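Report on the structure given below.
Fair warning: this is a prediction, and the values are worked out from it, not measured in the lab. Basis for what follows: all heavy atoms, side chains included, without hydrogens, waters or symmetry-related copies.
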Amino acid sequence: MTVPMRVDDVFSSAAREAGDAVQLLLVDGTEITYAQTYERAARLAGALVSAGACKDDRVAALMRNSREIVEFYIACGLAGVIGVAINAMSTGREVDRTLADCGASAILVEARLLGRVLPSPQTASMKLRVVTRQDQAPPGWEAYDALIARSNPVGRRDGASPDDPAMMIYSSGTTGAPKGILLRHSALVLNAQMTLSVLGTSGRDRYLAILPMFSSFGHAFDFLQAGLVRASTVIMEQFDECVAVDCIERLKVTFVAGVPTMFARMFEPASIAGRDISSLRLIDVGGGPVAPRLKQLLHDNYGLEVVESYGLTEISPVASVQPPGGGNSIGSCGAPLPGIQVRVVALDGTPAPTGEAGELQFRSPTLMIGYWNQPEATAATLRDGWLRSGDVGKLDERGHLHILDRTKDMIVSNGFNVYPKEVENVIAELPGVQSVAVVGVPDEISGEWIHAFVVARPDFRLAEDEVLQHCTRALASFKRPKRVSFVDAMPLTGSGKIRRVALRELLANQRMTGNKE
């Protein structure tokens with residue numbers, strides 16, 4: 001088997017060496033081989049090149065899980081462009097902001113999401129605008145299948161290197177501004193290989209894509225890792241617990257990676273009762289704290305082996321994973337992957353002793369290139385070859401990672417990262433808001449839900465519904481507060497910063513007025 005070093009290498013070698021193997025299964029049972037995927041991806045690459053896309057141009061995609069997003073990632077590698085995966089849950093305003101920041105020269109949009117893009121002025125000067133999953137395209141746009149049919153396939157662009165940037169995934173920064181995390185081909189492929197060396201999945205496995213492939217987690221497991229071992233992946237457009245369980249039973253899925261809330265919903269009695277899921281042998285849970293109760297339920301009631309993983313997009317993205325077969329430290333996310341170094345640094349900058357908490361820092365050839373057009377943020381995160389994760393954790397005597405908290409106040413809601421400042425900036429747009437702070441509230445199902453605290457201006461009457469409705473218009477669903485509390489003043493530190501710890505304590509003690517979960 002050819003050893004690939006680029007994302008497109010993974011799938012060109014698969015098409016050449018195992019072209020008849022089934023790569024994708026749609027929910028209706030349609031089978032798509034590795035050769036068929038690669039041929040269409042090569043035609044898409046040809047269309048990008050013919051439209052004038054240059055090396056390292058950014059090409060954006062706003063799509064849910066589909067055969068088209070798989071083809072998009074491969075085509076970007078062949079054309080030598082940087083694929084920008086936009087969260088399909090984004091609002092029109094968020095899409096516009098992302099396009100403005102990355103300066104995309106082309107875009108692919110799923111038909112049902114087109115309304116979020118058409119108002120954006122960013123598309124006017126693009127070299128190519130494509131709508132997928134629809135035969136008719138608006139004026140100035142191309143229909144995907146028709147474009148593919150008439151385009152000539154191309155091979156990899158001359159001068160391509162494993163160290164070229166492959167893709168960019170946006171994660172909101174602590175300032176609320178978009179932050180594009182730029183990842184290289186070799187880092188993505190190497191990280192997938194390292195993860196496979198621990199998990200041990202193979203071409204005999206059948207993956208189920210319940211994670212969105214626009215995320216680094218879904219891209220790593222259901223696209224790249226599956227491609228490396230030439231496994232099949234069942235494509236779900238978006239997560240639905242009943243459809244997921246049906247796919248496991250009907251299509252004989254053996255491996256699923258997801259976030260805790262997904263498995264909590266899948267294994268509710270209403271979803272799982274009477275279903276045969278005996279084909280399923282391994283579950284990887286990541287993307288947030290895993291409730292011990294959930295792991296125990298899956299093991300005791302269904303005999304499923306459940307391993308935990310930890311990662312962050314900046315590391316391409318997996319940092320550690322528990323190996324199947326037991327023997328894992330309780331409460332840990334396993335040992336760092338082979339080739340990843342980790343150290344724990346105390347608040348005073350000194351190494352933390354074994355078992356003591358501190359910031360987790362990583363060194364690896366899979367680290368990000370940096371944050372797009374944000375050199376200061378890059379320099380603050382990457383120092384002397386080490387990535388400052390912003391996560392508080394510890395290493396036990398066996399060298400296993402334990403994740404304890406987050407130094408950056410990041411909230412993990414349904415497996416997605418949410419930074420308080422972004423939500424606060426939106427709420428602050430309301431004229432009646434004097435000050436605002438949001439915090440995450442632990443939840444066994446969703447990981448955390450978001451609670452907003454607002455100090456209203458004295459001359460305004462502001463209602464909770466008004467704040468929530470504004471957030472619905474401006475923010476993706478996982479970023480929206482679930483509750484709003486109105487307070488007379490924010491608790492502040494001596495330097496005037498809001499004390500989020502005090503706000504969490506107020507919630508825990510139920511001292512707020514009528515704001516229980």
Any carboxylate oxygen within less than 4.0 angstrom of a Lys/Arg side-chain nitrogen, looking at Glu237 and Arg112?
no
Any side-chain to backbone donor/acceptor pair from Asn65 onto Met236? Under 3.5 Å, distance only.
yes
Sorted by chain and residue number, the salt bridge (charged side-chain N to carboxylate O under 4.0 Å, His left out) partners of Glu429 (sequence neighbours excluded) come out as Arg93
Are any side-chain N or O atoms of Gln322 and backbone N or O atoms of Glu308, one a donor and one an acceptor, separated by less than 3.5 Å?
yes
Might you point out which heavy atoms bring Thr91 and Ala476 nearest each other, and give the distance in Å?
CG2-N, 3.9 Å
OG1/Thr366 to CD1/Ile340 distance, rounded to the nearest 0.5 angstrom?
4.5 Å
Which pair of heavy atoms, one from Ile403 and one from Cys333, lies closest together, and at what distance?
CG1-SG, 3.9 Å
Donor-acceptor pair, Thr381 side chain versus Ala377 backbone, under 3.5 Å?
yes
Checking Ser316 against Asn191: is there a side-chain donor and acceptor pair closer than 3.5 Å?
no
Could you verify whether a donor N or O on one side chain and an acceptor N or O on the other, from Glu376 and Tyr371, lie under 3.5 Å apart?
no
Side-chain H-bond candidate by donor/acceptor type, Asp222 with Thr233, under 3.5 Å:
no
Close side-chain approach of Phe416 and Asn87, heavy atoms under 4.5 Å
yes
Spacing of CZ belonging to Phe478 relative to CG belonging to Asn414, to within rounding of 0.5 Å:
9.5 Å
Is there a donor-acceptor contact under 3.5 Å linking the side chains of His400 and Asn328?
no
Under 6.0 Å from the CG atom of Asp56, do we count more than 12 heavy atoms belonging to anything else shown?
yes
Angle class for the Phe223/Tyr73 ring planes (parallel below 30°, perpendicular above 60°, tilted otherwise)?
tilted
Parallel, tilted or perpendicular: which one describes the rings of Trp449 and His451, with boundaries at 30° and 60°?
tilted
Would you say that Val27 contacts Ile235 through its side chain, given a criterion of any heavy-atom pair below 4.5 Å between the two side chains?
no
Within a strict 4.5 Å, meaning less than it, do heavy atoms of the Phe263 and Val306 side chains meet?
no
Using only atom types and a distance under 3.5 Å, with no angle test, would you say the side chain of Glu448 pairs donor to acceptor with the backbone of Val412?
yes
Among all residues two or more places apart in sequence or in another chain, which pass the ring-ring contact (aromatic ring centres under 6.0 Å, His included) test with Phe267?
Tyr302
Hey, is the main chain of Val426 close enough, under 3.5 Å, to the side chain of His470 for a donor-acceptor pair?
yes
So how far is it from Phe214 CZ to Met89 CE, rounded to the nearest 0.5 Å?
6.5 Å
Val245 and Arg275 have their tightest heavy-atom pair at CG1-CG, 3.5 Å
Quick one: are Met266 and Phe239 in side-chain contact, heavy atoms under 4.5 Å?
yes
Student check: side-chain heavy atoms of Pro481 and Leu468 closer than 4.5 Å:
yes
Residues, nucleotides or ligands: over 12 heavy atoms within 6.0 Å of Asp488 CG
no
Quick one: are Trp141 and Val117 in side-chain contact, heavy atoms under 4.5 Å?
yes
Ignoring hydrogens, what is the shortest heavy-atom contact between Val433 and Ala428? Give both atom names and the distance.
CG1-CA, 4.1 Å
Check whether any side-chain heavy atom of Glu94 sits under 4.5 Å from a side-chain heavy atom of Tyr170, and report yes or no.
no
If you take all heavy atoms of Val438 and Glu424, which pair is closest and at what distance?
N-OE2, 2.9 Å
Does the side chain of Thr472 reach to within under 4.5 Å of the side chain of Arg480, using non-hydrogen atoms?
yes
Under 3.5 Å: donor-acceptor pair, side chain of Arg265, backbone of Glu241
no
Under 3.5 Å: donor-acceptor pair, side chain of Glu464, backbone of Val484:
yes
Okay, side chain of Arg116, backbone of Ser90: is any donor-acceptor separation there less than 3.5 Å?
yes
Donor-acceptor under 3.5 Å (Arg129 side chain, Gly140 main chain)
yes
Glu110, Glu71, Arg133, Met213 screened by side-chain contact (heavy atoms from CB on, under 4.5 Å) with Ser66, the one that passes
Arg133
Check: Lys127 main-chain N/O paired with Ser105 side-chain donor or acceptor under 3.5 Å
no
So which heavy atom on Leu224 is nearest to which on Leu188, and how close?
CD2-O, 3.5 Å
